[in-house]
Amino acid sequence: MKILQDNKMAEVIHLNYHILSILYRFDISLGFGDKTIAQVCNDNNINTNFFLEITNAFINKDYSPEDNLQSFSIELIVNYLQKTHIYYTKEKIPEILNLINNLEFKTNTQRNIKLLKNFFTQYSNEFNQHINREDNFIYPYVVSLQKAFDTKKISKKNIELIKDTPIASYQVEHENVEEKLYDLKNILIKYLPPAKDPKIINTILSKLFKLEDDLNEHTRIENNVMIPKAIKLEKIILSEINKNKFKII
Amino acid sequence: MKPLNSIILEKSYIIGKGLKKVLEESGKFNIIDIALNSHQLKNLLSHHNIDIIFINVNNINEFIEIINNYSKINLIAIVKKSDFKISDLFIDFINIFDDRNKIIIKTDNIYNKLNSKTKTSSVGLSNREKTILKYVALGFTTKEIAEKLFLSPHTVVTHRKNISNRLGIKTVSGLTIYAVLNNIIDLSEAK
(Lines give C-alpha, C1' and ligand atoms only; values in the text may rest on other atoms or scores of the structure.)
Protein backbone atom coordinates (compact mmCIF):
# COMPACT_ATOMS: atom_id res chain seq x y z
CA MET A 1 0.00 0.00 0.00
CA LYS A 2 1.07 3.53 -0.61
CA ILE A 3 1.19 5.99 2.25
CA LEU A 4 -0.50 9.31 1.53
CA GLN A 5 -0.35 12.69 3.19
CA ASP A 6 -3.84 12.37 4.69
CA ASN A 7 -3.02 9.13 6.48
CA LYS A 8 -2.72 9.46 10.22
CA MET A 9 0.90 9.33 11.35
CA ALA A 10 0.04 7.05 14.29
CA GLU A 11 -1.71 4.53 12.04
CA VAL A 12 1.23 4.44 9.67
CA ILE A 13 3.51 3.44 12.54
CA HIS A 14 1.13 0.64 13.49
CA LEU A 15 1.35 -0.48 9.90
CA ASN A 16 5.13 -0.60 9.88
CA TYR A 17 7.13 0.22 12.98
CA HIS A 18 10.35 0.65 10.99
CA ILE A 19 9.05 4.10 10.18
CA LEU A 20 10.05 5.05 13.73
CA SER A 21 13.66 5.22 12.60
CA ILE A 22 12.72 7.60 9.78
CA LEU A 23 10.84 9.85 12.19
CA TYR A 24 13.90 9.86 14.36
CA ARG A 25 16.10 10.91 11.46
CA PHE A 26 13.71 13.69 10.53
CA ASP A 27 13.74 14.77 14.17
CA ILE A 28 10.00 14.25 14.60
CA SER A 29 8.97 13.48 18.19
CA LEU A 30 6.12 11.16 19.06
CA GLY A 31 2.92 12.34 20.77
CA PHE A 32 1.21 13.64 17.64
CA GLY A 33 -2.26 12.35 18.56
CA ASP A 34 -4.46 11.92 15.52
CA LYS A 35 -2.61 14.33 13.26
CA THR A 36 -2.13 13.41 9.63
CA ILE A 37 1.27 13.07 8.02
CA ALA A 38 0.86 16.46 6.36
CA GLN A 39 0.07 18.12 9.68
CA VAL A 40 2.96 16.51 11.50
CA CYS A 41 5.35 17.48 8.70
CA ASN A 42 4.06 21.03 8.76
CA ASP A 43 4.52 21.27 12.51
CA ASN A 44 8.11 20.15 12.09
CA ASN A 45 8.94 22.22 9.01
CA ILE A 46 9.48 19.20 6.84
CA ASN A 47 8.65 18.96 3.15
CA THR A 48 5.67 16.57 3.24
CA ASN A 49 6.19 15.16 -0.24
CA PHE A 50 9.81 14.43 0.47
CA PHE A 51 8.85 12.67 3.70
CA LEU A 52 6.27 10.58 1.84
CA GLU A 53 8.68 9.54 -0.89
CA ILE A 54 11.34 8.47 1.58
CA THR A 55 8.79 6.60 3.70
CA ASN A 56 7.18 4.82 0.79
CA ALA A 57 10.53 3.84 -0.65
CA PHE A 58 11.58 2.56 2.77
CA ILE A 59 8.61 0.31 3.47
CA ASN A 60 7.97 -0.96 -0.04
CA LYS A 61 10.90 -2.32 -1.99
CA ASP A 62 8.85 -2.42 -5.18
CA TYR A 63 8.04 1.25 -4.89
CA SER A 64 10.17 3.29 -7.19
CA PRO A 65 10.63 6.76 -5.85
CA GLU A 66 13.02 7.74 -8.62
CA ASP A 67 10.73 9.94 -10.69
CA ASN A 68 9.15 11.87 -7.87
CA LEU A 69 12.31 12.23 -5.87
CA GLN A 70 13.89 13.91 -8.85
CA SER A 71 11.68 16.91 -8.19
CA PHE A 72 13.33 17.67 -4.84
CA SER A 73 16.39 19.81 -4.50
CA ILE A 74 19.55 17.83 -4.27
CA GLU A 75 20.35 19.56 -1.00
CA LEU A 76 17.27 18.07 0.65
CA ILE A 77 18.34 14.61 -0.41
CA VAL A 78 21.96 15.09 0.62
CA ASN A 79 20.82 16.46 3.93
CA TYR A 80 18.77 13.37 4.58
CA LEU A 81 21.60 11.06 3.56
CA GLN A 82 23.95 12.89 5.91
CA LYS A 83 21.53 12.47 8.78
CA THR A 84 21.39 8.75 8.18
CA HIS A 85 25.20 8.67 8.30
CA ILE A 86 25.18 10.20 11.75
CA TYR A 87 22.52 7.72 12.79
CA TYR A 88 24.74 4.81 11.77
CA THR A 89 28.05 6.02 13.15
CA LYS A 90 26.91 7.67 16.35
CA GLU A 91 24.20 5.19 17.33
CA LYS A 92 23.87 1.90 15.51
CA ILE A 93 27.53 0.90 15.31
CA PRO A 94 28.41 1.88 18.91
CA GLU A 95 25.35 -0.05 20.10
CA ILE A 96 26.57 -3.21 18.40
CA LEU A 97 30.14 -2.76 19.63
CA ASN A 98 28.83 -2.33 23.15
CA LEU A 99 26.88 -5.58 22.90
CA ILE A 100 29.95 -7.43 21.63
CA ASN A 101 31.86 -6.24 24.69
CA ASN A 102 29.19 -7.73 26.94
CA LEU A 103 29.28 -11.15 25.34
CA GLU A 104 30.44 -14.22 27.17
CA PHE A 105 30.98 -17.60 25.57
CA LYS A 106 30.88 -21.05 27.08
CA THR A 107 34.44 -21.62 25.90
CA ASN A 108 37.34 -19.34 25.03
CA THR A 109 35.45 -16.16 25.86
CA GLN A 110 38.46 -13.87 25.72
CA ARG A 111 39.79 -15.12 22.43
CA ASN A 112 36.38 -14.98 20.77
CA ILE A 113 35.57 -11.50 22.00
CA LYS A 114 38.94 -10.33 20.79
CA LEU A 115 38.33 -11.79 17.33
CA LEU A 116 34.88 -10.27 17.10
CA LYS A 117 35.98 -6.93 18.41
CA ASN A 118 38.91 -6.67 16.00
CA PHE A 119 36.68 -7.60 13.12
CA PHE A 120 33.94 -5.20 14.00
CA THR A 121 36.38 -2.37 14.71
CA GLN A 122 37.90 -2.94 11.29
CA TYR A 123 34.43 -2.89 9.80
CA SER A 124 33.55 0.30 11.57
CA ASN A 125 36.82 1.95 10.46
CA GLU A 126 36.19 1.06 6.85
CA PHE A 127 32.64 2.21 7.19
CA ASN A 128 33.78 5.55 8.62
CA GLN A 129 36.29 6.00 5.84
CA HIS A 130 33.61 5.37 3.30
CA ILE A 131 31.24 7.79 4.98
CA ASN A 132 33.88 10.48 5.41
CA ARG A 133 34.59 10.35 1.72
CA GLU A 134 30.93 10.88 0.99
CA ASP A 135 30.46 13.60 3.60
CA ASN A 136 33.61 15.52 2.76
CA PHE A 137 33.84 14.98 -0.93
CA ILE A 138 30.90 13.56 -2.79
CA TYR A 139 28.03 15.36 -1.06
CA PRO A 140 29.63 18.81 -1.20
CA TYR A 141 30.48 18.19 -4.85
CA VAL A 142 26.89 17.26 -5.66
CA VAL A 143 25.56 20.31 -3.82
CA SER A 144 28.05 22.53 -5.66
CA LEU A 145 26.68 21.24 -8.96
CA GLN A 146 23.18 22.29 -7.99
CA LYS A 147 24.45 25.67 -6.86
CA ALA A 148 26.34 26.23 -10.10
CA PHE A 149 23.27 25.26 -12.05
CA ASP A 150 21.01 27.61 -10.08
CA THR A 151 23.33 30.64 -10.20
CA LYS A 152 24.84 29.96 -13.64
CA LYS A 153 28.23 30.62 -12.09
CA ILE A 154 30.99 28.06 -11.73
CA SER A 155 34.61 28.11 -10.60
CA LYS A 156 37.46 26.85 -12.76
CA LYS A 157 38.26 24.26 -10.13
CA ASN A 158 34.76 22.83 -10.28
CA ILE A 159 34.87 22.59 -14.05
CA GLU A 160 38.04 20.53 -13.70
CA LEU A 161 36.30 18.31 -11.15
CA ILE A 162 33.40 17.62 -13.48
CA LYS A 163 35.81 16.68 -16.25
CA ASP A 164 38.32 14.66 -14.23
CA THR A 165 36.28 12.94 -11.54
CA PRO A 166 32.63 12.98 -12.55
CA ILE A 167 30.15 11.43 -10.15
CA ALA A 168 30.05 8.22 -12.18
CA SER A 169 33.60 7.46 -11.07
CA TYR A 170 32.41 7.22 -7.46
CA GLN A 171 29.69 4.65 -8.00
CA VAL A 172 29.76 1.41 -6.05
CA GLU A 173 32.61 1.25 -3.50
CA HIS A 174 30.18 -0.08 -0.91
CA GLU A 175 31.24 -3.57 -1.71
CA ASN A 176 33.85 -4.46 0.86
CA VAL A 177 31.85 -2.91 3.67
CA GLU A 178 28.81 -4.94 2.65
CA GLU A 179 30.81 -8.15 2.48
CA LYS A 180 32.14 -7.69 6.00
CA LEU A 181 28.65 -7.33 7.36
CA TYR A 182 27.60 -10.50 5.55
CA ASP A 183 30.61 -12.38 6.95
CA LEU A 184 29.94 -11.22 10.48
CA LYS A 185 26.40 -12.55 10.37
CA ASN A 186 27.60 -15.96 9.21
CA ILE A 187 30.37 -16.08 11.80
CA LEU A 188 27.81 -15.44 14.54
CA ILE A 189 25.22 -17.81 13.11
CA LYS A 190 27.41 -20.66 11.97
CA TYR A 191 30.83 -20.69 13.55
CA LEU A 192 31.13 -19.16 17.01
CA PRO A 193 30.66 -21.49 19.99
CA PRO A 194 27.45 -21.00 22.01
CA ALA A 195 27.23 -17.89 24.16
CA LYS A 196 26.41 -18.00 27.86
CA ASP A 197 23.54 -15.64 27.25
CA PRO A 198 22.05 -16.35 23.82
CA LYS A 199 19.85 -13.28 24.09
CA ILE A 200 22.80 -10.96 23.46
CA ILE A 201 23.81 -12.83 20.30
CA ASN A 202 20.24 -12.63 19.04
CA THR A 203 20.11 -8.92 19.73
CA ILE A 204 23.40 -8.39 17.89
CA LEU A 205 22.14 -10.38 14.94
CA SER A 206 18.84 -8.52 14.69
CA LYS A 207 20.73 -5.26 14.83
CA LEU A 208 23.07 -6.41 12.06
CA PHE A 209 20.16 -7.46 9.85
CA LYS A 210 18.42 -4.16 10.49
CA LEU A 211 21.61 -2.22 9.78
CA GLU A 212 21.99 -4.09 6.51
CA ASP A 213 18.43 -3.24 5.45
CA ASP A 214 18.98 0.39 6.35
CA LEU A 215 22.23 0.55 4.41
CA ASN A 216 20.64 -1.02 1.35
CA GLU A 217 17.94 1.61 1.43
CA HIS A 218 20.55 4.32 1.81
CA THR A 219 22.49 2.97 -1.17
CA ARG A 220 19.28 2.76 -3.18
CA ILE A 221 18.60 6.46 -2.65
CA GLU A 222 22.19 7.32 -3.54
CA ASN A 223 22.32 5.18 -6.67
CA ASN A 224 18.81 5.75 -7.96
CA VAL A 225 18.24 9.34 -7.02
CA MET A 226 21.31 11.35 -6.09
CA ILE A 227 23.74 10.00 -8.68
CA PRO A 228 21.41 10.16 -11.72
CA LYS A 229 20.46 13.66 -10.69
CA ALA A 230 24.10 14.69 -10.41
CA ILE A 231 24.95 13.12 -13.76
CA LYS A 232 22.18 15.13 -15.38
CA LEU A 233 23.47 18.34 -13.81
CA GLU A 234 27.03 17.63 -14.95
CA LYS A 235 25.86 17.15 -18.52
CA ILE A 236 23.78 20.31 -18.61
CA ILE A 237 26.50 22.40 -16.99
CA LEU A 238 29.22 21.22 -19.40
CA SER A 239 27.07 21.79 -22.44
CA GLU A 240 25.96 25.23 -21.28
CA ILE A 241 29.53 26.25 -20.52
CA ASN A 242 30.31 25.44 -24.14
CA LYS A 243 27.48 27.70 -25.19
CA ASN A 244 28.93 30.45 -22.97
CA LYS A 245 25.87 30.47 -20.78
CA PHE A 246 27.94 30.21 -17.61
CA LYS A 247 29.97 32.83 -15.85
CA ILE A 248 33.32 31.36 -14.88
CA ILE A 249 34.58 32.69 -11.57
CA MET B 1 19.60 -22.62 0.68
CA LYS B 2 19.93 -19.93 -1.90
CA PRO B 3 16.81 -18.65 -3.70
CA LEU B 4 16.98 -18.99 -7.48
CA ASN B 5 16.91 -15.76 -9.44
CA SER B 6 13.79 -15.83 -11.56
CA ILE B 7 11.85 -13.78 -14.07
CA ILE B 8 8.16 -14.19 -14.86
CA LEU B 9 7.07 -13.59 -18.46
CA GLU B 10 3.32 -13.32 -18.28
CA LYS B 11 1.07 -10.62 -19.72
CA SER B 12 -1.92 -11.30 -17.46
CA TYR B 13 -1.49 -8.98 -14.50
CA ILE B 14 -3.36 -11.26 -12.13
CA ILE B 15 -1.53 -14.43 -13.09
CA GLY B 16 1.84 -12.69 -13.09
CA LYS B 17 1.40 -11.07 -9.69
CA GLY B 18 -0.23 -14.18 -8.28
CA LEU B 19 2.59 -16.44 -9.40
CA LYS B 20 5.14 -13.99 -8.03
CA LYS B 21 3.45 -14.09 -4.64
CA VAL B 22 3.22 -17.89 -4.60
CA LEU B 23 6.84 -18.37 -5.65
CA GLU B 24 8.10 -15.86 -3.12
CA GLU B 25 6.08 -17.54 -0.37
CA SER B 26 8.08 -20.71 -0.93
CA GLY B 27 11.27 -18.79 -0.14
CA LYS B 28 13.01 -20.68 -2.92
CA PHE B 29 12.69 -18.15 -5.71
CA ASN B 30 13.85 -14.60 -5.86
CA ILE B 31 11.57 -12.94 -8.42
CA ILE B 32 13.63 -10.20 -10.00
CA ASP B 33 10.67 -8.85 -11.97
CA ILE B 34 7.68 -9.61 -14.15
CA ALA B 35 8.49 -8.80 -17.78
CA LEU B 36 5.82 -7.98 -20.35
CA ASN B 37 7.82 -7.42 -23.53
CA SER B 38 11.13 -8.26 -25.14
CA HIS B 39 12.63 -4.90 -24.24
CA GLN B 40 12.08 -5.50 -20.52
CA LEU B 41 13.29 -9.07 -20.85
CA LYS B 42 16.54 -8.04 -22.55
CA ASN B 43 17.11 -5.42 -19.93
CA LEU B 44 16.62 -7.88 -17.05
CA LEU B 45 18.80 -10.53 -18.62
CA SER B 46 21.66 -8.15 -19.16
CA HIS B 47 21.62 -6.84 -15.59
CA HIS B 48 21.00 -9.98 -13.58
CA ASN B 49 22.24 -13.49 -13.35
CA ILE B 50 19.01 -15.34 -14.06
CA ASP B 51 18.51 -19.04 -13.28
CA ILE B 52 14.88 -19.51 -14.26
CA ILE B 53 12.23 -17.94 -16.46
CA PHE B 54 8.59 -18.79 -15.82
CA ILE B 55 6.93 -18.14 -19.15
CA ASN B 56 3.37 -18.30 -20.45
CA VAL B 57 3.57 -21.15 -22.90
CA ASN B 58 1.58 -19.21 -25.52
CA ASN B 59 4.22 -16.47 -25.66
CA ILE B 60 7.25 -18.67 -26.13
CA ASN B 61 7.71 -17.85 -29.83
CA GLU B 62 7.91 -14.17 -29.14
CA PHE B 63 10.79 -14.53 -26.68
CA ILE B 64 12.67 -17.70 -27.54
CA GLU B 65 15.27 -15.98 -29.66
CA ILE B 66 16.34 -13.68 -26.84
CA ILE B 67 16.33 -16.48 -24.29
CA ASN B 68 18.46 -18.71 -26.52
CA ASN B 69 21.33 -16.26 -26.13
CA TYR B 70 21.59 -17.34 -22.52
CA SER B 71 22.47 -21.00 -22.35
CA LYS B 72 22.19 -21.60 -18.62
CA ILE B 73 18.64 -20.36 -18.20
CA ASN B 74 15.98 -22.95 -17.39
CA LEU B 75 12.44 -22.50 -18.66
CA ILE B 76 9.27 -23.39 -16.79
CA ALA B 77 6.00 -23.21 -18.73
CA ILE B 78 2.97 -21.48 -17.25
CA VAL B 79 -0.01 -23.53 -18.50
CA LYS B 80 -3.73 -23.90 -17.98
CA LYS B 81 -4.13 -27.68 -17.95
CA SER B 82 -2.79 -30.53 -15.89
CA ASP B 83 -1.97 -32.86 -18.80
CA PHE B 84 0.42 -30.48 -20.49
CA LYS B 85 2.88 -32.33 -22.73
CA ILE B 86 6.23 -30.92 -21.85
CA SER B 87 8.64 -30.31 -24.72
CA ASP B 88 12.43 -30.25 -24.60
CA LEU B 89 12.39 -26.51 -24.23
CA PHE B 90 11.03 -26.64 -20.71
CA ILE B 91 12.31 -28.45 -17.68
CA ASP B 92 8.87 -28.42 -16.04
CA PHE B 93 5.50 -26.67 -16.02
CA ILE B 94 3.16 -24.99 -13.57
CA ASN B 95 -0.59 -25.34 -13.98
CA ILE B 96 -2.28 -22.16 -12.76
CA PHE B 97 -5.41 -24.08 -11.74
CA ASP B 98 -3.60 -26.41 -9.34
CA ASP B 99 -4.44 -26.24 -5.64
CA ARG B 100 -2.02 -25.07 -2.97
CA ASN B 101 -0.55 -28.47 -2.14
CA LYS B 102 0.14 -29.37 -5.75
CA ILE B 103 1.81 -26.03 -6.34
CA ILE B 104 4.03 -26.45 -3.29
CA ILE B 105 5.11 -29.94 -4.41
CA LYS B 106 5.75 -28.58 -7.88
CA THR B 107 7.86 -25.62 -6.79
CA ASP B 108 9.84 -27.84 -4.40
CA ASN B 109 10.53 -30.23 -7.27
CA ILE B 110 11.67 -27.47 -9.57
CA TYR B 111 13.95 -26.07 -6.91
CA ASN B 112 15.49 -29.43 -6.09
CA LYS B 113 15.97 -30.31 -9.74
CA LEU B 114 17.98 -27.17 -10.36
CA ASN B 115 19.77 -27.13 -7.08
CA SER B 116 21.16 -30.64 -7.36
CA LYS B 117 22.93 -29.45 -10.51
CA THR B 118 24.88 -26.74 -8.71
CA LYS B 119 25.09 -28.15 -5.21
CA THR B 120 28.45 -28.12 -3.51
CA SER B 121 29.10 -30.55 -0.71
CA SER B 122 28.81 -28.89 2.66
CA VAL B 123 30.92 -31.29 4.69
CA GLY B 124 33.75 -28.93 5.55
CA LEU B 125 36.84 -28.17 3.54
CA SER B 126 39.23 -30.51 1.76
CA ASN B 127 42.81 -30.70 3.01
CA ARG B 128 44.03 -28.65 0.06
CA GLU B 129 41.43 -26.00 0.81
CA LYS B 130 42.43 -25.96 4.46
CA THR B 131 46.05 -25.35 3.49
CA ILE B 132 45.06 -22.50 1.22
CA LEU B 133 42.75 -21.05 3.87
CA LYS B 134 45.65 -21.16 6.31
CA TYR B 135 47.87 -19.08 4.05
CA VAL B 136 45.05 -16.65 3.29
CA ALA B 137 44.48 -16.18 7.02
CA LEU B 138 48.19 -15.63 7.57
CA GLY B 139 48.01 -12.75 5.14
CA PHE B 140 49.60 -14.20 1.99
CA THR B 141 48.41 -13.02 -1.41
CA THR B 142 47.08 -15.30 -4.13
CA LYS B 143 50.35 -15.01 -6.00
CA GLU B 144 52.46 -15.89 -2.96
CA ILE B 145 50.25 -18.89 -2.16
CA ALA B 146 50.52 -20.10 -5.75
CA GLU B 147 54.32 -20.00 -5.55
CA LYS B 148 54.43 -21.76 -2.18
CA LEU B 149 52.17 -24.60 -3.28
CA PHE B 150 53.41 -24.85 -6.88
CA LEU B 151 49.95 -24.04 -8.25
CA SER B 152 48.85 -21.59 -10.89
CA PRO B 153 47.36 -18.36 -9.50
CA HIS B 154 44.20 -19.26 -11.38
CA THR B 155 43.86 -22.51 -9.42
CA VAL B 156 44.36 -20.66 -6.14
CA VAL B 157 41.63 -18.18 -7.11
CA THR B 158 39.26 -21.06 -7.85
CA HIS B 159 40.04 -22.67 -4.49
CA ARG B 160 39.47 -19.35 -2.74
CA LYS B 161 36.12 -18.94 -4.42
CA ASN B 162 35.07 -22.45 -3.42
CA ILE B 163 36.17 -21.87 0.17
CA SER B 164 34.17 -18.64 0.38
CA ASN B 165 31.09 -20.22 -1.14
CA ARG B 166 31.23 -23.18 1.17
CA LEU B 167 31.81 -21.21 4.35
CA GLY B 168 29.65 -18.20 3.50
CA ILE B 169 32.57 -15.91 4.33
CA LYS B 170 33.98 -13.58 1.70
CA THR B 171 36.54 -11.28 3.28
CA VAL B 172 40.06 -12.12 4.38
CA SER B 173 39.38 -10.92 7.93
CA GLY B 174 36.28 -13.09 8.08
CA LEU B 175 38.22 -16.11 6.86
CA THR B 176 40.88 -15.39 9.48
CA ILE B 177 38.29 -15.62 12.23
CA TYR B 178 37.09 -18.93 10.86
CA ALA B 179 40.66 -20.20 10.74
CA VAL B 180 41.30 -19.26 14.37
CA LEU B 181 37.99 -20.71 15.59
CA ASN B 182 38.81 -23.99 13.86
CA ASN B 183 42.43 -24.10 15.03
CA ILE B 184 43.79 -23.80 11.50
CA ILE B 185 45.94 -20.93 12.73
CA ASP B 186 46.64 -19.54 16.18
CA LEU B 187 45.22 -16.23 17.39
CA SER B 188 48.76 -14.87 17.81
CA GLU B 189 49.48 -15.56 14.13
CA ALA B 190 46.39 -13.70 12.93
CA LYS B 191 47.17 -10.35 11.47
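In this structure a side-chain-to-backbone donor-acceptor pair under 3.5 Å is missing from Asn186(A) to Ile169(B). A donor-acceptor contact shorter than 3.5 Å links the side chain of Lys190(A) to the backbone of Leu167(B).
Interface remark: Lys114(A) contributes side-chain atoms only to the contact with chain B (heavy atom separation under 4.5 Å). Leu192(A) touches chain B through backbone and side chain together, each having a heavy atom under 4.5 Å away. Residue Leu175(B) does not touch chain A at all, counting heavy-atom pairs closer than 4.5 Å. For chain B, the nearby part of Ile187(A) is the side chain; its heavy atoms alone come within less than 4.5 Å. Neither the backbone nor the side chain of Asn108(A) comes within contact range of chain B; no heavy atoms are under 4.5 Å apart.
With rounding to the nearest 0.5 Å, the separation of CG in Asp183(A) from CD1 in Ile177(B) is 8.5 Å. Note that OG1 of Thr176(B) and CZ of Phe119(A) are 9.0 Å apart. Values are rounded to the nearest 0.5 Å. In this structure, Leu187(B) CG and Asn118(A) CG are separated by 8.0 Å, a value rounded to the nearest 0.5 Å. Tyr191(A) OH to Leu181(B) CG: the interatomic distance, rounded to the nearest 0.5 Å, is 10.5 Å. To the nearest 0.5 Å, the span separating OH on Tyr182(A) from OG on Ser164(B) amounts to 9.0 Å.
Heavy atoms from other residues, nucleotides or ligands lying under 6.0 Å from CG of Asp88(B) number 12 at most. Atom NZ of Lys210(A) sits in a crowded spot, with more than 12 heavy atoms from other residues, nucleotides or ligands closer than 6.0 Å. Within a 6.0 Å sphere centred on NZ of Lys163(A), heavy atoms belonging to other residues, nucleotides or ligands number 12 at most. Within 6.0 Å of atom NZ in Lys134(B), 12 or fewer heavy atoms from other residues, nucleotides or ligands are found, so the atom counts as exposed in its surroundings. Counting non-hydrogen atoms of neighbouring residues, nucleotides and ligands closer than 6.0 angstrom, the OH atom of Tyr70(B) exceeds 12 such neighbours. In Lys83(A), the NZ atom is crowded: over 12 heavy atoms of neighbouring residues, nucleotides or ligands sit closer than 6.0 Å.
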Before you tell me yes or no, could you show the steps for Glu179(A) and Thr171(B) under side chain to side chain donor-acceptor pair (under 3.5 Å), namely the whole-Å CA-CA distance, both residues' side-chain angles and the distance that decides it to 0.1 Å? CA-CA 7 Å; Glu179(A) 285 184 343; Thr171(B) 64; over 6 Å; no
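Closest heavy-atom contact between Val180(B) and Arg111(A): O-NH1, 3.5 Å.
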